[in-house]
Amino acid sequence: MGVLRGGKIMEATGRISSVKRVNSLKAAGITAAVIFTLALFLMPLAYGIATALKSPNQAASAEFRVLPLSPAQIEQNGQKLDLFQVPLPDGSVKTLAMIQRGRQMSTFADPANPTAPPLEWKGNWRTLTPELRLDPQWGNFVTSWQAIDFVNLLKNTLFYAGVSTFGILLSSSFVAYGFARFRFPGRNVAFVLVLATMILPNMITLIPTYTFFFSIGWVGSWLPLLVPAFFANGFNIFLLRQFFMGIPRELDEAAKIDGAGPLRTLYQVILPQAVPALVAAGLFNFFYCWNDYFLPLIYLAGHPALYPISVGLSAFSTQYVIYPYLVQSASILASLLPIIIFFFTRRFFMEGVVLAGVDK
Amino acid sequence: MKLRTNQQERSEHRWGLVFIAPWIIGFLAFNIAPMIASLGFTFTNYNPANPDKTQFIGLTQWIRAFTEDPETYPAILKTLLFSAICLPITFGSALAVALVLNSKRLLGKSLFQTLFFLPTMIPTIAAALIWTGILNSQTGWVNVFIEKLTGFHAVGSDGIPWTTSPYLIYFTYSLVSLWGMGNTMIIFLAGLQNISVELYEAADIDGAGWWAQLRRITLPMLSPVIFFNLIIALIGLLQYFAVPFTLNQGRGLGFPDGASNFLAVDFYAQSFAFANMGYGAVLAWVIFLFGLAFSLLLFWSQKKWVYYGGEK
């Protein structure tokens, strides 16, 4: 009944029960509307999963079916027979197994009574409703897993995410500490520039950067994506600085009295206090790498063995465009790990989003 | 005594600079130097296939972009048009969902919050493939459901061409973007939760209705958050590339009918498909200048609509 907080004033007038009823109706109405909206919002995901589980026949079926269905069958005398709903002369409908199909007449066996003689039914078999069963093709996931070389994509992406996260956390915590705890000339200007780099389109720097990396032979390797991570970036500097500024200065001063220099203070006082922010920043970077497309596409063009997941999925979707069930199963595969990690870390993650986004 | 303070101060300055040194180096090496070089590139015919033939050709590339190349203005217009369609859809939805999730009457808030956020975790490329699947005019669920529910002929090659019509494609891309609205939504939600309840109680006493409260309390109080998200979103849209590129790399960029030939797609085609890097640098500058203009416009306009409370 925690939803009824709005009822205080009316309580005094003695109409409490009707107000309660109106309020719980409103709560039910809002909740139902949200569930409906959510169902629409997530429907493509259901489509992706259902399509990923279809066989070529199921996907090409002229009859529209939401789920991966196949004709239900039984085995009789070593033969596989399709089941149909057959209307009988007495007006009842019975599920029968088709032995022989015909346009004028078909013969059926009764699965409930296998020893009875075959039953003859007059009429076109195509007018009968086939009995269907759920027949998901889990093997599609295996096929696309192998076709896209998922293990290699995963290895590359984890390598990219791991090294760049290490570099970004190392360098950004350093820089954020500098901005959060030290006064120096030009600090405010420098910090505005940090923020400005967050909204600098990366295309403006790409051509000279690419040309430079090309001239030293780094294009076609991971280095152009990894090395800049060790020079901090605006988003993470901002996020960590916000958090560091919330750590009481008394802790720094206590460390100073104990004879700790600035570096030791950072590693022994600040960073242990900032674990939630470091985890959030690490998660952001992991998801960023998982999603990163443009720069890996540019720098790794022509080296499929080095592709991270997004570039690999994109190339796969073009190659396998005529197999929608494989494209969908690969898309679902590519989404699984971030979703799972998100479910386990969502508290950290969402608090990080807020820390980075609201306190500007 | 005075001397000692100066010494302490100098030491603090020094340490501050030491700590921010990685950023200074990165800023110079990966931002400032390439930006200057990028401007320099626009005055050349640099092509990585023939680097030795690079010549200084003055403003030729700029003149080409704005007087000869028939793609430039349409690319700018398409980028702006798509932004004008995509921004209201994603921002409106993120705000609407945040408002509902903040409603005290909703049951199971934290579960809904997680589920509305969930698609944001799906990589953009996968989201684009899933959405174009469900919007496929012949096999997608959307057209089938529309036809079954309304009787309107929607399925088939003459059905609703979500992914093949130059008019509908911006809407389809916007739906893909909608799956990335989670961060904006969470930030809006946190902004909403920061608004003092007393403001609404006072408004209730004054007899202000839902709409008046939204316009006079909620939106002004959220305006700093909206401002920040608007800038990030606009810069992202100016560089909109991954979705149209993934969907069209097999059949030619710009599909359908050039509609997806946005500035960033044009930039990629010129710089990397045709290796005209001198000309590509001009397009990069166009993107940058638009981003700069939007940011300045927003910063200038924030006096008029962004409310910082007692902070400033």
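Within every chain, numbering begins at 1; the chains are lettered A, B, ... in the order of the sequence lines, protein sequences first and strands thereafter.
With a 4.5 angstrom heavy-atom cutoff, Ala190(A) touches chain B via backbone and side-chain atoms both. If you measure heavy-atom distances from Arg187(A) to chain B, you find no contacts under 4.5 Å at all. Contact of Met185(B) with chain A is not made at all, since no heavy-atom distance falls under 4.5 Å. Phe213(A) touches chain B through its side chain: at least one heavy atom from C-beta onward sits under 4.5 Å away, while N, CA, C and O do not. For Thr114(B), the parts lying under 4.5 angstrom from a heavy atom of chain A are both the backbone and the side chain. Proximity to chain B (any heavy atom under 4.5 Å) is shown, for Val66(A), by both the backbone and the side chain. If you measure heavy-atom distances from Leu206(A) to chain B, the contacts under 4.5 Å come from the side chain alone. With a 4.5 Å cut-off on non-hydrogen atoms, Tyr46(B) touches chain A through its side chain but not through its backbone. Neither the backbone nor the side chain of Ala28(A) has a heavy atom closer than 4.5 Å to any heavy atom of chain B. Both the backbone and the side chain of Pro201(A) come within contact range of chain B, each with at least one heavy atom under 4.5 Å from a heavy atom of that chain. Using a 4.5 Å cut-off between heavy atoms, Phe343(A) contacts chain B through its side chain alone, with no backbone atom that close. Proximity to chain B involves both the backbone and the side chain of Asn202(A), based on heavy atoms less than 4.5 angstrom apart. For Phe241(B), the part lying under 4.5 angstrom from a heavy atom of chain A is the side chain only. For Phe294(B), no part lies under 4.5 angstrom from a heavy atom of chain A. For Ser110(B), the parts sitting under 4.5 Å from any heavy atom of chain A are the backbone and the side chain alike. Contacts between Ile134(B) and chain A at a heavy-atom distance below 4.5 Å involve backbone atoms as well as side-chain atoms. Contacts of Ile341(A) with chain B are absent, with no heavy-atom separation under 4.5 Å from either backbone or side chain. Heavy atoms closer than 4.5 Å to chain B are found nowhere in Val321(A), neither backbone nor side chain. Heavy atoms of Arg346(A) lying under 4.5 Å from chain B belong exclusively to its side chain. If you measure heavy-atom distances from Phe41(B) to chain A, the contacts under 4.5 Å come from the side chain alone. Heavy-atom distances place the side chain of Tyr293(A), and not its backbone, under 4.5 Å from chain B. For Ser103(B), the part sitting under 4.5 Å from any heavy atom of chain A is the side chain, from C-beta outward, and nothing else. Both the backbone and the side chain of Leu115(B) come within less than 4.5 Å of a heavy atom in chain A.
Taking chain B as the reference chain and counting heavy-atom pairs below 4.5 Å, the highest number among Ile298(A), Ile309(A), Leu336(A) is found for Ile298(A). In terms of non-hydrogen atom pairs under 4.5 Å with chain B, the most contact-rich of Leu337(A), Leu297(A), Val327(A) is Leu297(A). Taking Ile237(A), Val194(A), Leu263(A), Thr197(A) one by one and counting their heavy-atom pairs under 4.5 Å with chain B, the maximum is reached by Val194(A). Residue with the most contacts toward chain A among Arg10(B), Gln113(B), Arg14(B): Gln113(B) (heavy-atom pairs, distance under 4.5 Å). Heavy-atom pairs under 4.5 Å with chain A were tallied for Phe116(B), Phe112(B), Trp131(B); the largest tally goes to Phe116(B). Interface check for chain A: of the options Pro119(B), Gly108(B), Gly40(B), the most heavy-atom pairs under 4.5 Å are formed by Pro119(B). For the set Val227(A), Asn291(A), Leu200(A), the count of heavy-atom pairs under 4.5 angstrom toward chain B peaks at Asn291(A). The most heavy-atom pairs under 4.5 Å with chain B, out of Ile332(A), Leu193(A), Leu333(A), come from Leu193(A). In terms of heavy-atom pairs under 4.5 Å with chain A, the best-connected choice from Ala128(B), Pro51(B), Ala284(B) is Ala284(B). Annotation: maximal heavy-atom pairing with chain A below 4.5 Å, among Val100(B), Leu178(B), Leu118(B), Ile287(B), occurs at Leu118(B). Ranked by heavy-atom pairs under 4.5 Å with chain A, the list Gly182(B), Gly133(B), Gly140(B) is led by Gly133(B). The choice from Ala232(A), Pro228(A), Ala334(A) that makes the most heavy-atom pairs within less than 4.5 Å of chain B is Pro228(A).
Going from atom OG1 of Thr205(A) over to atom CZ of Phe288(B) covers 10.5 Å, rounded to the nearest 0.5 Å. Rounded to the nearest 0.5 angstrom, Leu129(B) CG and Thr51(A) OG1 are separated by 12.0 Å. Of the inter-residue distances, the one linking Ile122(B) atom CD1 with Ile339(A) atom CD1 reads 4.5 Å to the nearest 0.5 angstrom. Note: Phe184(A) CZ to Glu12(B) CD = 9.5 Å, rounded to the nearest 0.5 Å. In this structure, OH in Tyr268(B) is found 8.0 Å from CZ in Phe294(A), a value given to the nearest 0.5 Å. Once rounded to the nearest 0.5 Å, the distance linking CZ of Phe349(A) with CZ of Phe117(B) reads 4.0 Å.
A donor-acceptor contact shorter than 3.5 Å links the side chain of Trp179(B) to the backbone of Phe41(A).
Other residues, nucleotides and ligands place more than 12 heavy atoms under 6.0 Å from the CZ atom of Phe230(A). The environment of Arg347(A) atom CZ is sparse: at most 12 non-hydrogen atoms of other residues, nucleotides or ligands sit within 6.0 angstrom.
Listed here is the closest heavy atom pair of Ile207(A) and Ser271(B): CD1-OG, 3.5 Å. Here the closest heavy-atom approach between residue Gln249(B) and residue Ala315(A) is recorded as NE2-N, 4.0 Å. Scanning both residues, Ile130(B) and Ser331(A), for their nearest heavy atoms gives CG1-CB, 4.1 Å.
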Show me the side-chain donor-acceptor pairs of residues 15-39 of chain B shorter than 3.5 Å, one per line, residues at least two apart or across chains.
residue, atom, partner, partner atom, Å
Ser38(B), OG, Ile204(A), O, 3.1
Ser38(B), OG, Trp285(B), NE1, 3.2

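The side-chain contact (heavy atoms from CB on, under 4.5 Å) test with Arg105(B) singles out one residue from Ile30(A), Leu25(A), Thr31(A), and that residue is Ile30(A).
For residues 200-211 of chain A, no pair satisfies salt bridge (Lys or Arg N to Asp or Glu O under 4.0 Å), with sequence neighbours left out.
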Check against side chain to side chain contact (heavy atoms under 4.5 Å, CB included), Ile125(B) and Ser317(A): CA-CA 9 Å; Ile125(B) 304 297; Ser317(A) 74; 5.6 Å; no
